Number of protein chains: 2
Amino acid sequence: MPEKPEKAGTETTTAAADERPRRRQARGERRITQLLEAAAAVFSTTGYTAASTNAIAREAGVSPGTLYQFFPNKEAIAIELGSRLMHEMRQSYDEVLTPTDPAVTSLEEVITGAVDRFIEFNGRHPAFFALMHGPDIPGRIAEEHDALHTTLVARVETLVAPFVPDAPAPAVTRTARMCVGIYKAGLELILAHEGAEREAYIQELKEALLRYLRPLAGASCADTP
Amino acid sequence: MPEKPEKAGTETTTAAADERPRRRQARGERRITQLLEAAAAVFSTTGYTAASTNAIAREAGVSPGTLYQFFPNKEAIAIELGSRLMHEMRQSYDEVLTPTDPAVTSLEEVITGAVDRFIEFNGRHPAFFALMHGPDIPGRIAEEHDALHTTLVARVETLVAPFVPDAPAPAVTRTARMCVGIYKAGLELILAHEGAEREAYIQELKEALLRYLRPLAGASCADTP
DNA sequence: CAGAAATGCGAGCGATCTCTCGTGTTTGCC
DNA sequence: GGCAAACACGAGAGATCGCTCGCATTTCTG
């Protein structure tokens, strides 16, 4: 949430330089989520840079001035949206993406579960893909965006690590980054197709990840049942 | 090249609707390549949408008006640049990326050669990556851009096909698309690092492609020397 | 209920960008 | 040399966009 009240307390004269404590009313909170939903819709269809703040306000059914009552600038909208998506993804994760014991859960199961979850998440929040995949995103956001990406990689690292117990940390990071990259590439293909073809690409992505990771697990050849 | 003379011939009154045959002088041709080089520099640093035509003209050391003497609009610059890069890539290809006989050239060699070539090409022409990877590219270019991408996929198909003789065509296409996707993902990682780390990512990309493709070749397990 | 603060509006400012136009200069051709 | 076309310039028209400001309305608080 952008600038919470903070319960300013003994802030007599202060001149806090930047933020006056703004007491949001219930109506304001509603407007914020409403604006973020509109922003998500616009971002996912036009991308970040091409999305105009006026268009976001129009999509939300409010005036441009109202938008700027809640967000200091266009960047802040994307950052806050990314933050909320990240938060939601984390809890959409934790059910499936917690580190597992290789003896209990096979690599194949882990990949299938993770990929299915990610795809479903991206289906529900197309804006996430737009923000992650955005090379059109100007400087300042990149930091927040990197935090997003870094968190993602870290998650994949913890997922992959149990399967490669005898690998140095940098190698695990490289592997995790590569996995995320392969996933993004696969997702792009998946989103570009529909129906049976889409299912085929989903399967193809899982296969690609499986073949990429399996040799690391030390398991040699005997794997097919 | 944008609108060649065409040697208009018996074009009396015509009203050709769009293009008057423009006789380029040697100076004009030089300006065009000069402008395209400037555009490549600007595109690769700022991306397409963020690149202003004035900035391209300034980079080329000419006035904005001069730029529009040779290109009808900003899109045309990107399209022509993409076309020339594609052309150059094709001939940078053909030495290494012609279909090979699996009995003579191993999959590993093919992958190593192709990846090395692609990386070197992207190093010489950073704008290519910017144009290919551009989700910020507005509608009309997408078509030309798709042609670029499609050609690339077709090339990879012919490369992969000899190694999977017993696969239906759609499956080969999916595999080729996935390869291109994996390559783009790997390239992004490679470009984000330097020195030894970069080399490690190059190796990682080759490994990823190799592991992805090897199982298709029917070769089971005995491959390590 | 009264005052303050939060919310809401929308015209429009200033900056930027694409592209045009009138004019002047250079080049090719007879 | 002389003419027409190609080339070059740069101010600025026209449009868009991010964002502001003055003012009206709603909500909260004492």
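FYI, side chains are in, hydrogens and waters are out, and symmetry mates aren't considered; it's all heavy atoms of this structure. Reminder, nothing fancy here: chain letters follow the sequence lines and each chain counts from 1. Quantities reported herein were computed from a predicted structural model and do not represent experimental measurements.
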Between P on dA8(D) and CZ on R58(B), what's the gap in Å once rounded to a whole number?
18 Å
From CG of L67(A) across to P of dT7(C) the rounded distance in Å is 13 Å
Would you say T66(B) places a side-chain N or O within less than 4.0 Å of OP1 or OP2 belonging to dC9(D)?
yes
Protein-nucleotide distance (R23(B), atom CZ; dA6(D), atom P), rounded to Å
7 Å
Does any donor atom in the side chain of Y48(A) or E75(A) lie under 3.5 Å from an acceptor atom in the other side chain?
no
Nearest-angstrom distance from the residue atom CD1 of I32(B) to P of dA6(D):
13 Å
Mind listing the N/O atom pairs, protein and nucleotides 17-19 of chain C, below 3.5 Å?
from    : atom 1 : to     : atom 2 : distance (Å)
dT18(C) : OP1    : A51(B) : O      : 3.1
dT18(C) : OP1    : K74(B) : NZ     : 3.0
dT18(C) : OP2    : T53(B) : N      : 2.7
dT18(C) : OP2    : T53(B) : OG1    : 3.2
dC19(C) : OP2    : Y68(B) : OH     : 2.9
dC19(C) : OP2    : K74(B) : N      : 2.8

Check the distance between dG18(D)'s P and I77(A)'s CD1 and give it to me in whole angstrom.
9 Å
Once you round it to whole Å, what is the distance between P of dT26(C) and CD of Q69(B)?
15 Å
For R24(A) and dT7(C), is the shortest distance between a side-chain N/O and OP1 or OP2 below 4.0 Å?
yes
I'd like to know if the side chain of E188(A) pairs up with that of Y201(A) as donor and acceptor (distance under 3.5 Å, no hydrogens or angles considered).
no
Whole angstroms only, please: what is the CG-C1' distance between L35(A) and dG8(C)?
12 Å
dG28(C) phosphate, OP1 or OP2: any side-chain N/O from R27(B) under 4.0 angstrom?
no
Could you report the tightest heavy-atom contact between A41(B) and E59(B), atom names first, then the distance?
CB-OE2, 4.0 Å
Answer yes when E157(A) and R177(A) have at least one side-chain N-carboxylate O distance shorter than 4.0 Å, and no when they do not.
no
Would you check, one step at a time, whether the test ring pair (Phe, Tyr, Trp, His ring centres under 6.0 Å) holds for Y212(B) with Y212(A)?
CA-CA 6 Å; Y212(B) 174 58; Y212(A) 174 58; over 10 Å; no
Can you tell me how far the CD1 atom of I119(B) sits from the CG atom of D116(B), to the nearest 0.5 Å?
6.0 Å
